[in-house]
Student: 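The structure follows.
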Amino acid sequence: MEPDPAWLPAAAFRAVGSRHTLVRGAGPLVDTVYRELAAACGRFGGSVARGTDGGPCDLVLELGDDADRLGDEGFTCRREDGRTTVSAAGGAGLLYGLFHVVRLGEDAFRGRRPRKTHVPALALRMLDHWDNVAVHPVMGQVERGYAGGSLFWADGRARGELERVRRYGRLLAACGINAVAVNNVNVHETEAHLLTDRIGEVADIAGALRPYGVRTHLSVTFAAPLVLGGLPTADPLDERVRAWWTEATARVYEAIPDFGGYVVKADSEGQPGPFAYGRSHADGANMLAAALAPHGGTVHWRAFVYDHRQDWRDRTTDRARAAYDHFAPLDGEFADNAVLQVKHGPMDFQVREPVSPLIGAMPRTRLAVELQATQEYTGQQRHVCWLGPMWSEVLRFRPDGVPVGGLADALVAVSNVGADPFWTGHPLAQANLYTFGRLAWQPDADPGGILDEWIRLTFGPEPAAGLRAVLEGSWRTYEKYTAPLGVGFMVQPGHHYGPSVDGYEYSPWGTYHFADRDGVGVDRSRATGTGFAGQYPKPWAELYESPETCPDELLLFFHHVSYGHTLHSGKTVIQHIYDTHFEGVEEVEAAREVWASLAGLVDPARHARVAERFEEQLRSAREWRDQVNSYFFRKSGVPDAHGRRIY
Ligand code: BDP
């Protein structure tokens with residue numbers, strides 16, 4: 001089956017493809033711009049010329065000289081005297097400018113447009129693929145992947161479908177993403193070799209992504225000097241180890257001159273790291289940073305470090321504290337080309353978490369904020385769950401005056417893409433990828449506007465209202481029928497799909513809700529709990545400290561309260577749980593109806609795939625509702641005020 005063109009169908013190019021265009025400038029990405037236009041003109045009857053010839057034309061795309069202001073990726077767009085002009089200082093900027101005009105469609109060619117400057121707020125807008133090269137016995141080809149196999153790898157080898165990879169790069173460029181890490185952060189034996197003897201396979205992928213301005217990064221194992229180099233140690237302060245990394249990195253750059261750098265998960269969930277040698281995470285990161293620095297590369301060092309073998313009987317150990325406790329004391333110790341990559345929440349990509357207090361706590365450290373586009377905990381691409389509003393809340397959150405989107409150097413998402421013909425399994429999950437790219441470009445953008453943009457580009461105008469109705473509130477709907485009020489988890493252990501009310505309650509993972517006959521939630525206050533609330537600066541520390549001021553949606557993340565506790569909404573906790581779970585299912589039913597009504601307005605294959613997924617979503621939502629409601633009814637003994645059936 002021909003892969004679905006996603007948000008860049010040929011039709012989106014109608015406006016530019018039917019115009020007369022002039023492309024001025026040289027370089028590989030300018031060539032890409034020209035090729036895109038030539039293909040569009042071939043389809044829609046316009047023409048495209050290259051060079052300085054200023055003959056009659058409607059659209060000019062040119063390399064100008066405003067490098068200081070625009071950087072390599074920015075561009076300006078204006079329209080005067082019947083001509084639309086995009087100017088950029090670099091080829092990447094010109095390509096982004098072209099996609100900007102494509103997004104504007106006919107509007108790009110109407111009336112006057114004052115010159116407007118577009119520059120990405122974040123320099124690095126990156127996807128991390130948790131793709132295994134060899135099929136992992138538990139995690140499969142793609143860890144937490146819900147879109148078929150990997151685009152890059154199959155059964156221990158490069159998949160070799162470079163044309164598909166090229167098309168992927170094109171999609172990414174069209175929403176502003178400029179970097180991809182091509183293998184899993186859990187680096188198993190086979191994957192480790194990508195760094196050395198198998199770097200050629202990575203170079204092929206890099207070659208396919210390069211024409212669209214997407215740089216390639218690699219996840220590496222901290223133990224590489226042991227595993228690949230035959231050294232007796234991986235101690236970051238050992239000269240042999242440092243020399244090994246210097247050498248290995250130089251060879252990577254011989255194969256991939258514009259290689260982006262390394263991603264490292266160290267001392268986390270069983271991955272090796274500097275702790276084994278009594279060294280700090282700054283020591284570890286800086287060793288790799290030193291190897292990368294001469295080549296202009298960056299190390300992304302993940303802050304997801306916590307004890308995954310904790311004693312559930314010990315109520316004082318709090319996983320939420322771990323990233324801050326480990327890393328905040330190291331502020332100022334990381335090299336300039338080391339970026340600390342922090343998950344947006346303190347736990348692990350739950351449907352609702354506060355923003356990680358580590359974000360904002362390290363002003364002298366470069367920061368990447370990590371989101372999860374792959375829907376591990378948000379319905380695994382069988383449920384519709386558009387994450388734009390959640391991500392926007394994170395990016396607008398101000399730990400200490402400056403919003404997260406302004407503190408970060410990079411925005412990273414765990415990719416939700418695979419070899420599936422619809423790219424993301426659930427065709428509507430593409431909206432998450434698109435929204436991620438656009439928010440990374442402009443973190444304060446209105447997510448609703450981005451959603452509309454994606455819908456219009458992907459589906460055209462007719463089904464737009466229905467699609468908006470289906471997607472807009474889908475994250476809150478998902479939240480309603482799953483774990484309540486920020487308490488998190490309650491999922492099936494291991495694969496994390498579907499409810500399991502006590503699945504993680506007596507496990508070593510540090511993910512507890514502490515429900516008993518009297519109440520539910522985790523006391524993370526300073527006064528009586530784990531002290532996590534105290535990791536925030538004012539006013540957040542105070543706001544979260546008290547159940548009276550803590551926002552409802554995070555109440556059970558920060559506090560253990562009785563079922564009769566009254567929320568700001570005026571409802572008791574237990575009645576809120578019942579009401580939201582009934583509502584959530586009703587909202588899925590309603591969305592399914594809306595989707596059904598779009599048959600005929602959406603191409604049949606895509607319509608059928610989504611319709612089929614809605615059946616599963618509804619089944620699963622009912623299961624969540626029944627198990628969560630029954631669980632809390634049995635714990636609390638409090639009946640539903642509306643007398644609805646609880647099992
Ligand atoms: C968790 C996933 C696990 C990842 C880990 C990570 O369950 O598969 O390896 O995050 O981010 O959410 O490293």
Side-chain angles (χ1 to χ4, degrees), residues 126-147 150 181-188 191-192 217-223 262-273 281 284-285 299-310 319-320 322-323 326-327 339-353 356 358-359 368-381 385 387 390 394 410-416 418 432 436 482-483 488-498 500 503-504 507-511:
M126 176 172 182
L127 289 174
D128 282 5
H129 279 256
W130 287 355
D131 297 16
N132 297 317
V133 176
V135 177
H136 184 270
V138 179
M139 292 297 172
Q141 187 79 61
V142 180
E143 180 157 332
R144 314 304 181 186
Y146 314 105
S150 165
V182 296
N183 64 313
N184 193 359
V185 289
N186 293 316
V187 183
H188 312 291
E191 288 78 42
H217 298 237
L218 197 61
S219 294
V220 296
T221 171
F222 194 76
Y262 299 138
V263 178
V264 187
K265 173 177 180 176
D267 289 318
S268 169
E269 300 182 333
Q271 293 294 308
H281 276 242
V299 57
H300 282 240
W301 190 269
R302 296 179 82 228
F304 187 54
V305 177
Y306 72 99
D307 179 4
H308 70 292
R309 296 204 181 101
Q310 84 179 58
R319 172 168 162 183
H326 282 299
F327 286 95
V339 175
L340 191 66
Q341 188 161 312
V342 184
K343 289 194 183 189
H344 69 85
M347 292 296 282
D348 197 1
F349 299 137
Q350 298 304 290
V351 69
R352 179 74 74 168
E353 291 187 40
S356 167
L358 188 56
I359 299 172
V369 174
E370 186 180 293
L371 310 173
Q372 196 183 41
T374 195
Q375 290 170 236
E376 175 178 3
Y377 291 102
T378 50
Q380 304 200 347
Q381 280 136 260
C385 188
L387 296 165
M390 181 215 273
V394 169
L411 198 66
V412 178
V414 183
S415 172
N416 60 355
N432 285 328
F436 164 74
T482 55
F489 293 89
M490 301 188 100
V491 290
Q492 292 279 344
H495 60 68
H496 300 161
Y497 185 75
S500 177
Y504 274 112
S507 79
W509 293 91
T511 49

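Starting from 1, each residue takes its place in the sequence as its number. All ligand and atom numbering here is 1-based and tracks the order in the structure.
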Student: Could an N or O of ligand 1 be found under 3.5 Å from any N or O of Glu370, whether backbone or side chain?
Tutor: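 N/O-N/O distance under 3.5 Å: no.
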
Student: Is there a polar contact between ligand 1 and Gln372, counting only N or O atoms under 3.5 Å apart?
Tutor: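 Gln372 vs ligand 1: no N/O contact under 3.5 Å.
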
Student: Lys265 pairs by side-chain contact (heavy atoms from CB on, under 4.5 Å) with which of Val185, Asn184, Val305?
Tutor: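 Option passing the side-chain contact (heavy atoms from CB on, under 4.5 Å) with Lys265: Val185.
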
Student: Ignoring hydrogens and geometry, is there a side-chain-to-backbone donor-acceptor pair from Asn186 to Trp130 under 3.5 Å?
Tutor: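 Between the backbone of Trp130 and the side chain of Asn186 there is no qualifying donor-acceptor contact (under 3.5 Å).
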
Student: So if I count the atoms of ligand 1 from 1 in the order they appear, which ones are less than 4.0 Å from some heavy atom of Arg144?
Tutor: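 Atoms satisfying the 4.0 Å criterion: 2 (C), 3 (C), 7 (O), 8 (O).
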
Student: How does Asn186 reach ligand 1, if at all, at less than 4.0 Å between non-hydrogen atoms: by side chain, backbone, both, or neither?
Tutor: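 It is the side chain that gets close, since no backbone atom is under 4.0 Å.
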
Student: Are side-chain heavy atoms of Glu191 and Asn132 found at a separation under 4.5 Å?
Tutor: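 Counting from C-beta outward, Glu191 and Asn132 do come under 4.5 Å.
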
Student: Give the residue and atom name of whichever protein heavy atom lies nearest to atom 1 (C) of ligand 1, and the separation in Å to one decimal.
Tutor: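 The answer is Asp348 OD2, 3.2 Å.
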
Student: For atom 7 (O) of ligand 1, which of Glu376, Glu269, Glu143 has the closest heavy atom?
Tutor: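 Among Glu376, Glu269, Glu143, the closest heavy atom to atom 7 (O) of ligand 1 comes from Glu376.
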
Student: Out of the candidates His188, Glu143, Gln141, only one should pair with His136 under the side-chain contact (heavy atoms from CB on, under 4.5 Å) rule; please name it.
Tutor: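 Among His188, Glu143, Gln141, the one meeting side-chain contact (heavy atoms from CB on, under 4.5 Å) with His136 is His188.
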
Student: Quick check: do Val187 and Val220 have side-chain heavy atoms less than 4.5 Å from each other?
Tutor: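 SC-SC contact between Val187 and Val220 ruled out.
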
Student: Does some side-chain heavy atom of Tyr146 sit less than 4.5 Å from a side-chain heavy atom of Thr374?
Tutor: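 They are in contact (side-chain heavy atoms under 4.5 Å apart), so the answer is yes.
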
Student: Do me a favour and list the nearest non-hydrogen protein atom to atom 10 (O) of ligand 1 with residue, atom name and distance?
Tutor: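 Closest protein heavy atom to atom 10 (O) of ligand 1: Lys343 NZ, 2.9 Å.
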
Student: Distance to 0.1 Å, residue and atom name: give those for the protein heavy atom nearest to atom 13 (O) of ligand 1.
Tutor: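 Its nearest protein heavy-atom neighbour is Lys265 NZ, 2.6 Å.
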
